[in-house]
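Below is one structure; the comments refer to it alone.
The chains referred to below are lettered A, B, ... by the order of the sequence lines, with proteins before strands, and numbering in each begins at 1. These figures come from a predicted structure and were not determined experimentally.
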Amino acid sequence: MLLIRCPWCGPRDETEFRCGGEAHIQRPPDPDAISDAEWADYLFMRRNPKGPHRERWVHAQGCRRWFNVLRSTVSHEILAVYRMGEREPET
Amino acid sequence: MSGERLPEGGRIDRSRPLRFTFDRIPYQGFAGDTLASALVANGIAVVARSFKYHRPRGIMGAGAEDPCGLVQLGEHGDTEPNLRATQVELYDGLVAHSINRWPSLEYDLGTLNDRFAPLFAAGFYYKTFIRPKFLWDRVWEPIIRRMAGMGHAPTAPDPDIYDHRHLHCDVVVIGGGPAGLAAAYAAGRTGARVILADEQPEFGGRLLDMPETLGERPALERVAEVVAELASMEEVRLLLRTTALGYYDHNEVVLVERRGDHFPPQERRGKVRQRMWHVRAGEVILATGAHERPLVFADNDRPGVMLASAAAAYAWRYGVLPGRKLVVLTNNDSAYRAAVVLAEAGAEIGAIVDVRAGSDGYWAQEAQRRGIPMLGGRAVVGLHGLGRVEGVEVRGLDASGVNATGARHRIECECLAVSGGFNPAVHLFCQSQGRLRFDDAIAAFVPDRAAQRQFSVGAAAGRFALADALADGAAAGAAAARTAGFGDGSAPAMPGAERRSETPLRPIWLLPGERQVGDGKAKHFVDFQNDVTAADIALAAREGFRSVEHVKRYTTTGMGTDQGKTSNVNALALLSRAVGRTIAETGTTTFRPPYVPVAFGALAGAQRDGLVDPVRVTPINSWHVTNGAVFEDVGQWKRARHYLRPGEDMERAVRRECLAVRDAVGIFDASTLGKIELRGPDAAEFLDRVYTNGFKSLGIGRCRYGLMCREDGMVFDDGVTTRLGETHYYMTTTTGGAARVLDWLEEWLQTEWTTLKVYCTSVTEDWATVTLSGPKAAQVLEALKPSFPAEPSSFPFMSVRAGRVADFPARVFRVSYTGELSYEINVPARDGRALWEAAMQVGRGIGITPYGTEAMHVLRAEKGFIVVGQETDGSVTPLDLGLEGLVSKRKDFLGRRSLRRSGMLEPQRKQLVGLLPMDPDTVLPEGAQLVRELKPKPPMAMVGHVTSSYYGARIGRSFALALVRGGRARVGETLHAPLPSGTIEAQVVAPNFYDAEGKRRDG
Amino acid sequence: MKRYSIFALVRNAISRHRDWPPLWRHPDPKPRYSVVIVGGGAHGLATAYYLAKEHGITDVAVLEKGWLGGGNTGRNTTVIRSNYLWDESAAIYEHSLKLWEGLSADLNYNLMLSQRGVLSLAHTLHEVREGVRRANANRLNGIDAEWLTPEQVKAFCPVLNTSPDVRYPILGATLQRRGGIARHDAVAWGLARAADARGVDIIQNCEVTGIRREGGRAVGVETSRGYIAADKIAIVAAGHSSVLAGMAGVRLPIESHPLQALVSEPVKPVLNCVVMSSTVHVYVSQSDKGELVLGAGIDGFNSYAQRGSFHVIEGQMAALVELFPIFSRMRMMRSWGGIVDVCPDASPIIGKLPVEGLYLNGGWGTGGFKATPGSGWVFAYTIAKDEPHPLNAPFQLDRFTTGALIDEHGAAGVAH
């Protein structure tokens, strides 16, 4: 079980959280201006990297805040935690 | 083997004799015995039968490593299969049975397999029983299944209870032997929070098994002192009978504590039998010791062949000699020490047979001093005795160790104690993703690079000397504590432990013998439980299985209940030899959790007997329970489905409830509906984005039905949202969707639309919702003395009133899901039942009738109202449902762009329609599939399916809703529903069966 | 290929099993192949086998970075069934099941197919409705399917707790009698042996590290054993689909998640079928060896680590004990994890990628094993003909653009 440091509450067990998948996927500002393929890219296509992954989690059973996590998908090591709107760390 | 109890000695309590039975024969042991030591003490040589060949198996080890001595413990619900006798503490009245034999342990028909063993080489089943298929299906597979398996599953539910606990600590130490005790002491004395766990009933580890001195005093005296000191430290927790099962991410170590297993069943009832500890540690110290491994030689599985360390432990710790006369076979110095211990205990050591030229180490000298015959440069090449060891054949070894030379001679013995060296118990280290390296000096894998914050110390790190274990442990304990901010990292002084000279181990992975590997006459066992032999490994290599994982899977070596603790290194050494690689190149298989098997019940913990998922009930639930309600599960909620009156069945009850709503008034508990309050200046904008229809124009005090889509355009939830104030909205969701919708709203607000000023609060459980529905609904509400005019003319449809009802604070919504005049009265949850009863009271005279979810479904379906999750399944858009009117063309909303994709515009998409069965008394089953063209038999092309289907009491006939390809264009067509019971025909109609003009909603 | 039979077994037993030939060769890679298949799991091996058998294409290499069948083939819970809801899914899985039924004979290798029946339990009215819907759809698609009442469930699988007094009582179940389990490793080995016999080069310990493109066309793979040119490159590397497609610059709608499974200690026969429950959330069968084999859902985060979190296992054990109270004292012997490719609609992608000469078979999520022969069969067709077979035509990457998803998640949830 992962130990995740909620930026609002501190370290908590994974069971308190829910993973929301890849972070920093921006909703197209004008969906009508883009093609079906570009829309599909936004909807479905994912980086799914092997290595550091920027993803978002919500402290569902705690403060219910969303935040970002930079976590290795190989070692599961959490490299950084940062709040929504904060600059993502370099990798 | 004919073991016997020594007249004195051992750590057993001879004043507390314990009775037990094995295969229904009564025996006696003592407190402090394991079942294994008690069996050996009673001279029982054969305890079990092996997996494939049903060869007799005795006790081979003394701990978690023993692959052989498996028993069935207890009976009925209390029984447990495949328990390792070496790890079962004896208690009074213990009942054990041998396993995998029929009819009895002595005369087992399964031994026929051994006769035909040449046929049953590794993987034989892949090569035969291929044709004809029916013989495999009906004959061979059932036979294989019956022959396989070990013990039998319980036949009744588990009478015991289990629980889970969570702990945080600075340092957890796994293993309470010398290294672990030193580590716990070094860390504990700094004030750090320390957990020390050991699988045995007392601390001491290997110090319990053999005599040892520390600082010139008996080691166990020192152990007792340290344990007492640890026990007095406030931040130290000592856990005995506690095994670390797994080492997971972020320094989580999972332990199981056996709290009740050492008591007779009747004494442990009602108490926790086993407890799981989830430990999150700053630092982990692995002091897990090492397992002795056997040597591979002809017939090395015969009962009476025992690991040397185990033989010594039985003598010293349990006061049991596994045989009066023993021979020791070894490739390293440790067995000399075992021989000395056994000799001191009174055994006659026929010889120490050493595959090396000999040894001049400390223990060899001690053995020599005691006159124990020592045969260097020799090996045991054969065994005498059927079913148990009666003697060994010894011959010389040539320099290569591959061939036997010289004359044979026989030595009589009852037990052969073997040592092939020790494997550090690196299981937890590997589970934590640590990397191993092969250490040629000890011919074993040792920890190399750790992946988490941890230390491996003592024998677990391949450092077997007692002095090293103590020094390792003390240093690691101090360092771990310091990392957590305690102490200065300096290790405490450890009592002196003598450092004894040793001659290096000589790995010979297969001893030569009279019989060659694979000659069919002798077997050289590698995995004693799964019956994997050196010949099997060779066969696998010959057939092209070069990966150690392939060989494991092909031969099943290391896949038994011991998970290869004794067999893995021998197996991969033999494989390496066969394919011409070094052991380091071959590598090892993955060590998978758990370290030892663990009861499913312990893993489930308290999550059983209804606690597997919480039950949610409404504030009015108790009324339903006492008034004949039959419940259904909706998500975690219990909802009243219908209310049975005496003599009624469900069908009649539902018809009565429906008619009451259509003709008089019904009362319905809608408290489970999800309720979310939204507040903030941007709430209207936000609703506009999440609902397919517009909400900005909604006036204060007005309600609007809304539909939500996922971004892929599929319907996700629906409900009514009401504007309570300028910036204040109240949203209702489906019962099952409440949590999902709140999550959805918050995710968009926090991650995408962060500038919108809105916050959402779930108020589902704050309100009880009582719905009055029917032409006489207003009469009931009036009788409840609302603080506002309630008649439909002054309280319009789709609006809200706040005030008091029956003197309770209330919000009343004029919405309707039945098509009848309806009021949804919301009062604080605590007042829900009182309001319900008040309504029942005032409505009695006009026929008020409680109705459940089933009647509610019939009534809404008559009106063609959908249920998300019933008319939709994640593949249905608002357009498919015919709800274009709710899809705004003037604004963007979640999912809108997806509705424009080509696949969404297909005319042949499934669309919501109504169905009228030709026979008005026949109700189509929900889930029935529809075809246009009926064929005599499948396959038939389906055009849709029935989503909702009922008998409509007021319309006096059956009807259904369905999703049908291009359905709206098929109105008037007849479709067929071919069912196992026959075909039902139905006509496609518009999805509205009652009061299409909607006149009744105003009463 | 030396044929296996009871006679061969007896003959070899007499000669002490010294004459069995290797199941496959261990060739070094050639500099060029017509088709390079990336991934030596059962799907990749099946693809190679059917390329050779059905299309006569034998200049094929299967590149496996580790050992054959070491990914999800050797890590899954081996459930085989074809009772899927949608026509498109039902067709491909049923094609696969039909191939399974003859595969042992076809490969001359006993895959230990055990058609012991698959029970999918319904615990809520919603699940009853969906179960009936699926069973009806299956029957009309020509797939065996039955709906059982709780009494029939009890009769079919007596060790299930069908008491109405539990948290989620069993209200019924679908049963596919032809469903069952098979010996997963044997599937990889049998396919590899048969593919090798038809001339396919099976190359283990050969990791693909790059895909070389020239003029918009994939022309070969960089590997840990050197560059290998190929006319066609087929990616069949469940768990790593995104990584490999990424080497050619293609993004996929796939995320890799851990899926854990476990076995109990072996016991004498006690469970006569496969039992699946989505409300209580566990699936279980008993292997030929006597172990209970269990699985449940994926872990919620992306991972390539082949391990998950312990609490997921505890949850599935609670589910198991709820369904089978008599299993409480049985013990978990071994647990492990695999990496599954999860597609948004829980259906696979089998077809051409937007780079010429590049093909993908992935996204099978948690259910790929049952599709093994069918998947290989249609993928071989797609590679050979450079166009999808009608059976896999619906499973193209472009469905994510058109929206024509094949959503096998079933209903979005319960409402009202």
Rounded to the nearest 0.5 Å, how far does CD of B:E80 lie from OG of C:S328? 9.0 Å

Select one option (side chain, backbone, both, neither) describing which atoms of B:A156 are under 4.5 Å from chain C's heavy atoms. backbone

Please flag which part of B:S948 lies under 4.5 Å from any non-hydrogen atom of chain C: side chain, backbone, both or neither. neither

For the residue pair B:N82 and C:P266, what are the closest heavy atoms and their distance? ND2-O, 2.8 Å

Portion of B:R542 that has a non-hydrogen atom of chain C nearer than 4.5 angstrom: both

So B:R145 and C:R116, do their side chains get closer than 4.5 Å, heavy atoms only? yes

Do you know which of B:M942, B:R608, B:Q72 has the most heavy-atom pairs with chain C at a distance under 4.5 angstrom? B:M942

Cut-off 4.5 Å, heavy atoms of chain C, and the answer for B:P980 is both

Which atoms of B:L979 approach chain C - backbone, side chain, both or neither, heavy atom under 4.5 Å: both

B:D613 versus chain C, heavy atoms under 4.5 Å apart: side chain, backbone, both or neither? both

For C:N136 and B:A928, work out which heavy atoms get closest and say how close. ND2-CA, 3.5 Å

So C:M332 and B:L603, do their side chains get closer than 4.5 Å, heavy atoms only? yes

Options C:E101, C:E146, C:R25, ranked by heavy-atom pairs under 4.5 Å with chain B, top entry: C:E101

Top contributor to chain B interface from C:E291, C:R399, C:Q286 [non-hydrogen pairs under 4.5 Å]: C:Q286

Less than 4.5 Å apart, side chain to side chain, heavy atoms only: is that true for C:R133 and B:E926? no

Side-chain touch C:M333/B:M559, heavy atoms, less than 4.5 angstrom: no

Which of B:E549, B:M147, B:E252 touches chain C most, by non-hydrogen pairs under 4.5 Å: B:E549

Taking side chain as everything from C-beta outward and backbone as N, CA, C, O, which of these in B:H550 sits under 4.5 Å from a heavy atom of chain C? Side chain, backbone, both or neither. both

Quick check on B:Q636 against chain C: is it the side chain, the backbone, both or neither that has a heavy atom closer than 4.5 Å? both

Is the shortest heavy-atom distance from the side chain of B:P593 to the side chain of C:F310 under 4.5 Å? no

Should C:H17 and B:E543 be marked as a side chain to side chain donor-acceptor pair (under 3.5 Å) after you check the CA-CA gap, both sets of side-chain angles, and the distance that decides it? CA-CA 10 Å; C:H17 299 290; B:E543 295 197 84; over 6 Å; no

Determine the minimum heavy-atom distance between C:L125 and B:E632, stating which atoms define it. CD1-OE1, 3.0 Å

Salt bridge between C:R329 and B:D78, side-chain N to carboxylate O under 4.0 Å? yes

In Å and rounded to the nearest 0.5 Å, what is the CZ to CD1 distance from B:F600 to C:I326? 11.5 Å

Top residue by heavy-atom pair count (under 4.5 Å) with chain C, among B:D712, B:I144, B:D519, B:T79? B:D519

When every non-hydrogen atom of C:D185 is compared with those of B:R553, the smallest separation belongs to OD1-NH1, 2.8 Å

Distance col, row B:H945:NE2 vs C:E130:CD, nearest 0.5 angstrom, shows 6.5 Å

Pick from C:R134, C:M317, C:R129, C:H123 with the largest number of heavy-atom pairs that fall under 4.5 Å of chain B: C:R129

With the side chain counted from C-beta on, respond yes when B:T590 and C:W336 share a heavy-atom pair under 4.5 Å apart, and no when they do not. no

So for B:L119, is it side chain, backbone, both, or neither that comes closer than 4.5 Å to the heavy atoms of chain C? both

Please indicate whether C:H26 has more than 12 foreign heavy atoms, meaning atoms of other residues, nucleotides or ligands, lying under 6.0 Å from its NE2. yes

Can you name the closest pair of heavy atoms from C:A318 and B:A604 and give their distance? CA-CB, 3.5 Å

Please determine, among B:E141, B:M276, B:K935, B:Q607, the option with the most heavy-atom pairs under 4.5 Å with chain C. B:E141

Tell me, for B:F116 versus chain C, whether the close heavy atoms (under 4.5 Å) come from the side chain, the backbone, both or neither. neither

Gap between atom CD of C:E265 and atom CG of B:L83 - 0.5 Å precision: 7.5 Å

Considering only heavy atoms, which portion of C:L68 lies under 4.5 Å from any heavy atom of chain B: side chain, backbone, both, or neither? both

Is there a side-chain contact between C:W67 and B:R546, using heavy atoms and a 4.5 Å cut-off? no

Check against side chain to side chain donor-acceptor pair (under 3.5 Å), C:R183 and B:Y126: CA-CA 9 Å; C:R183 176 83 182 92; B:Y126 302 130; 2.8 Å; yes

Contact origin within B:V517 toward chain C - heavy atom pairs under 4.5 Å: backbone

When the 4.5 angstrom heavy-atom criterion is applied to B:N530 and chain C, the contacting part is side chain

Taking the ring of B:F545 and the ring of C:W189, is the distance between their centroids below 6.0 Å? yes

Indicate the atoms forming the closest heavy-atom contact of B:P81 with C:M330, along with that distance. CG-CG, 4.5 Å

Identify which part of B:T561 has an atom lying under 4.5 Å from any heavy atom of chain C, answering side chain, backbone, both or neither. both

Report yes if some heavy atom in the side chain of B:D137 is under 4.5 Å from a heavy atom in the side chain of C:S114; otherwise report no. no

Between OG of B:S875 and NE2 of C:H409, what distance do you get to the nearest 0.5 Å? 12.5 Å

How long is the straight-line distance from CG of C:N110 back to NZ of B:K127, given to the nearest 0.5 Å? 12.0 Å

Do C:K268 side-chain atoms and B:A148 backbone N/O form a donor-acceptor pair below 3.5 Å? yes

Selection from B:V612, B:D609, B:I99 maximising heavy-atom pairs under 4.5 Å formed with chain C: B:V612

Among B:P594, B:P157, B:A121, single out the residue with the greatest number of heavy-atom pairs under 4.5 Å to chain C. B:P594

Region of B:Y248 in contact with chain C, defined by heavy-atom distances below 4.5 Å: side chain

